Amino acid sequence: MSYEKLTKGEKGEKLFLLGNEAAVRGAFESGVKVSATYPGTPSSEIGNILSLTAKNANMYFEFSANEKTAMEIAATAAVSNLRSFTFMKHVGMNVASDSAMTTAYSGVNAGMVILVADDPSTFSSQNEQDTRNFARQSNLPVLEPSNPQEVKDMMVYAYNLSEEIGLPVIVRTTTRVSHMRGPVTLGDIPKSEEDIRDGEYWPRGHFDKNPSQYVPVPANALDMHTVLVNKIDSLEKFAFESELNKVYHFDNIGTPAKLYGKFGVISSSSAFNYAYDVINKDKLGIDILKLGLSYPVSEDLILDFVKDLDGIFIVEEVDPILEISVLAILGENGLDIPVYGKRNGTFPFVHEYSQDIVKESFNRILNYYEFEDNEDSPAIKELKDSIPNRQPTLCAGCPHRSSYYSIGKAAEELEIPESEMVFASDIGCYTLGISPPYNAADYLLSMGSSIGDGCGFSKSTNQYVCSFIGDSTFFHSGIAPLINAVHNNNKNLVVTILDNRITAMTGGQPNPGLPVDGVGDEAPAINIEKLVEAIGVKFIRTTNPHSIRKTIDIYKEALEYEGVSVVITQFPCTLIKGIKKRKPMSIQDNCTKCYKCVDELACPAISKIGDDVVIDSNMCFGCVACAQICPEKAIKAKKEDGE
Amino acid sequence: MSNGTYNIYICGVGGQGIIKTSVVIGEAAMAQGYDVAMSEIHGMSQRGGSVSTELRIGDYKSSIVENHKADMVLGFEPIEVVRGLNKANYDTKIVFNTIPIVPSTISQTGERYPSVENEIIPTLKQEYNNVHPLNGNQLAEDAGSILSLNMVLLGALTASDDFILSKNDIIKAMKNNLKPKFHEMNIKAIENGYNAVK
């Protein structure tokens with residue numbers, strides 16, 4: 001689909017949209033003027049689409065250096081009377097949370113939405129985390145859409161709510177909502193009347209000073225906290241009446257559940273979809289209270305729903321958050337209704353749900369069906385066991401491969417045993433270095449952690465510590481720990497900044513190292529080498545990692561250097577749009593079948609077919625790494641026909 | 001399939017056009033007035049990983065197909081079909097391209113790619129009622145380009161008697177999604193796929 005429909009589609013038009021596309025349309029329908037993000041899957045597409053469409057919608061958009069900065073951009077826009085939007089993945093909220101917590105204190109004038117995409121079952125994340133915990137910690141309201149239509153509608157709702165109460169509103173999705181596609185009926189996009197400065201594409205607001213509201217020095221913060229608690233309290237009544245909280249009734253005549261008493265389900269987000277489908281299909285006759293505005297939880301609403309029930313199922317993914325709220329409400333009201341959720345083992349505590357999981361969980365209590373034995377036949381079992389895995393790998397021509405190969409060779413030539421090399425990895429494609437033959441990921445926490453972890457290993461062990469961080473991740477949160485490394489005199493710490501000129505893993509967004517900004521306009525590029533030099537690093541080398549011998553020698557020098565060394569391996573990602581492939585390589589007749597190229601590089605373009613080594617010329621990028629490591633010089637550029 | 005519902009599981013390897021295929025089906029269904037929910041797992045598709053989508057046409061809220069409840073498993077690659085068998089039951093229609101994409105890690109891990117002719121096809125035919133292997137790459141090239149592989153498989157899907165959308169519904173949705181200069185080739189590809197299974 002071309003994204004033109006997102007900016008130009010008329011009210012009433014029905015489009016087949018991804019949850020993330022619907023979020024963009026929701027922002028347009030809400031008249032958002034300022035938006036900022038740091039890319040993170042499952043929310044990445046929102047930024048990718050805005051980078052193409054924001055200008056046409058007269059909305060400022062940027063890829064910020066990190067989520068905390070993005071949060072600050074949105075917060076200040078919202079107190080300058082411009083509606084603002086920031087969005088991130090769940091772990092991005094960890095980074096942004098420091099400012100988010102206080103944004104709740106200072107509040108907003110124009111509406112502000114923080115969309116956070118959780119990732120149950122860690123499709124593309126380092127942990128499972130529940131953003132609804134942040135809502136409780138910060139006292140910010142939460143909306144939980146279950147499908148793309150709701151994503152769009154709840155965005156619009158969230159902006160009105162945000163202005164009504166003077167607080168940012170969190171819209172929490174999960175991967176299955178962000179990456180779900182469904183029909184979305186469009187609403188109106190308001191006509192913008194504001195003046196726009198020459199050469200710009202978004203209107204400006206005005207910030208009216210009021211330090212007692214916006215500056216949380218301790219004396220002010222005391223009052224601000226009281227104001228915040230009152231706001232969220234008043235919202236509880238609002239939640240009782242909100243059309244986002246709704247009971248789905250199912251006829252229970254002749255249903256199996258009737259035999260076991262009257263049950264109800266309380267649910268939200270993607271988990272609601274599974275509960276609905278199971279109850280609908282199996283005709284369980286159990287009503288569902290779906291919470292679209294799930295925080296604050298309306299006590300009256302819960303009491304009203306549970307009053308005649310013999311048991312309550314809580315169907316929610318990740319943490320038992322609604323469950324604890326419901327238990328507290330029941331406890332305070334002296335109600336002794338059993339609650340079946342995660343805490344008593346009815347539902348699994350971890351990973352995303354499915355209809356199968358929800359059905360099995362219902363059945364633990366209702367016993368309404370005999371467990372079906374769906375085990376595969378022996379022949380299918382055998383076939384399934386026989387197929388190879390298809391792990392994601394570094395692309396053909398990826399510069400990271402050469403960096404990993406070279407540092408491995410350097411250690412080998414210096415006779416440093418593998419056990420003495422500690423690889424502190426980071427968040428990005430280079431985490432794929434965990435696989436053989438590179439084995440170059442030993443420890444990983446979060447964005448930017450490779451350098452902080454490196455500092456720790458360098459103080460705690462006598463091992464050679466090698467931190468690997470990408471350019472975008474370095475800008476995001478690698479600079480402070482590098483300052484830490486230099487200032488605290490770390491020894492034997494080799495930091496590699498893998499500068500592939502893009503934020504690759506999330507789909508190729510620009511970062512501060514590039515001469516373009518988030519909407520493609522010219523922007524000053526930040527020079528990594530000068531930055532590192534200014535921090536006080538004495539050993540800095542920049543190399544094209546595909547120059548293998550040179551890179552090995554640099555790594556040998558770095559590994560023998562006593563203090564903090566920084567190696568910047570610079571070569572563009574092969575997925576950058578418009579990048580030109582070079583001449584593909586091919587295997588010559590003098591190949592002795594030593595398989596060094598196959599075994600040591602693990603390039604997807606090189607495979608062993610029968611006894612032969614074959615290079616797939618469609619896939620080969622022409623990085624020439626293999627040609628350099630071949631002991632027989634039996635890999636050369638492929639001759640074109642007639643050459 | 002019953003009561004105007006249809007569940008499709010589509011699987012293959014990044015770059016084969018799986019998401020586009022699914023969007024075409026979804027939009028075709030939407031145009032016919034059906035409710036549709038679709039799930040995309042993008043994964044690390046550009047880095048050689050598996051990609052799958054799930055489509056549920058009918059009165060569903062959730063976008064994922066229950067285990068063993070797919071009406072159709074549409075496979076772009078033989079071992080990805082095997083991986084997708086969790087969604088299939090004895091009567092599920094299994095339509096798939098027989099041309100392998102061998103995982104590049106196979107030389108490191110010492111794994112082996114099973115024979116499509118001698119292991120995968122016979123086992124599937126023996127265990128499932130409705131198995132339709134086809135040389136999708138060839139049919140796509142016959143239509144004009146390997147890039148039309150996804151349209152070949154779409155055509156094969158519409159050849160299924162119980163499928164609730166017609167070939168014309170699909171062609172209409174394809175036209176809305178792809179540039180006019182590719183329409184002719186893609187229609188040919190859809191026909192090739194259709195005829196291979198019909």
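The sequence lines fix the lettering, A, B, ..., with proteins before strands; numbering per chain opens at 1. The structure displayed is predicted, hence computed values, not measured ones. Hydrogens, waters and symmetry mates are skipped; everything else that's a heavy atom, side chains included, is used.
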> Nearest heavy-atom pair of B/Ile106 and A/Pro388: which atoms, and what distance?
Replying inline: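 Closest pair (atom of B/Ile106, atom of A/Pro388, distance): CD1-CG, 3.9 Å.
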
>> Which residues in residues 187-198 of chain B have any heavy atom closer than 4.5 Å to a heavy atom of chain A?
In response: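 Those residues of residues 187-198 of chain B which would need a heavy atom under 4.5 Å from chain A do not exist here.
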
> Can you name the residues of residues 84-97 of chain B that have some heavy atom under 4.5 Å away from a heavy atom in chain A?
Replying inline: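 Result: B/Leu85, B/Asn86.
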
> Can you name the residues that form a side chain to side chain donor-acceptor pair (under 3.5 Å) with A/Gln126, not counting sequence neighbours?
Replying inline: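 Testing A/Gln126 for side chain to side chain donor-acceptor pair (under 3.5 Å), a comparison that skips the adjacent residues, returns none.
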
> Between B/Glu66 and A/Lys281, is there a side-chain N and carboxylate O pair less than 4.0 Å apart?
Replying inline: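 Yes, B/Glu66 and A/Lys281 are salt-bridged.
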
>> With chain B as the partner, which of A/Arg176, A/Glu382, A/Gln391 has the greatest number of non-hydrogen pairs under 4.5 Å?
In response: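 Maximum pair count with chain B is reached by A/Arg176.
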
> So which of A/Lys359, A/Gln355, A/Met180 has the largest heavy-atom pair count under 4.5 angstrom toward chain B?
Replying inline: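 Most heavy-atom pairs under 4.5 Å with chain B: A/Gln355.
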
> Between A/Asp277 (side chain) and B/Ser62 (backbone), is there a donor-acceptor pair under 3.5 Å?
Replying inline: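 Checking the backbone N and O of B/Ser62 against the side chain of A/Asp277, a donor-acceptor pair under 3.5 Å is found.
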
> Taking only heavy atoms into account, what residues of residues 610-618 of chain A are found under 4.5 Å from chain B?
Replying inline: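 Residues in range: none.
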
> In terms of heavy-atom proximity below 4.5 Å to chain A, should B/Ile79 be classed as side chain, backbone, both, or neither?
Replying inline: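 Both parts, backbone and side chain.
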
> Where on B/Leu178 is there a heavy atom nearer than 4.5 Å to chain A: the side chain, the backbone, both, or neither?
Replying inline: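 Interface part for B/Leu178: neither.
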
>> Is there a side-chain contact between A/Ser607 and B/Val102 in this structure, where contact means two heavy atoms from C-beta onward sitting under 4.5 Å apart?
In response: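 Of all side-chain heavy-atom pairs linking B/Val102 with A/Ser607, none is under 4.5 Å.
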
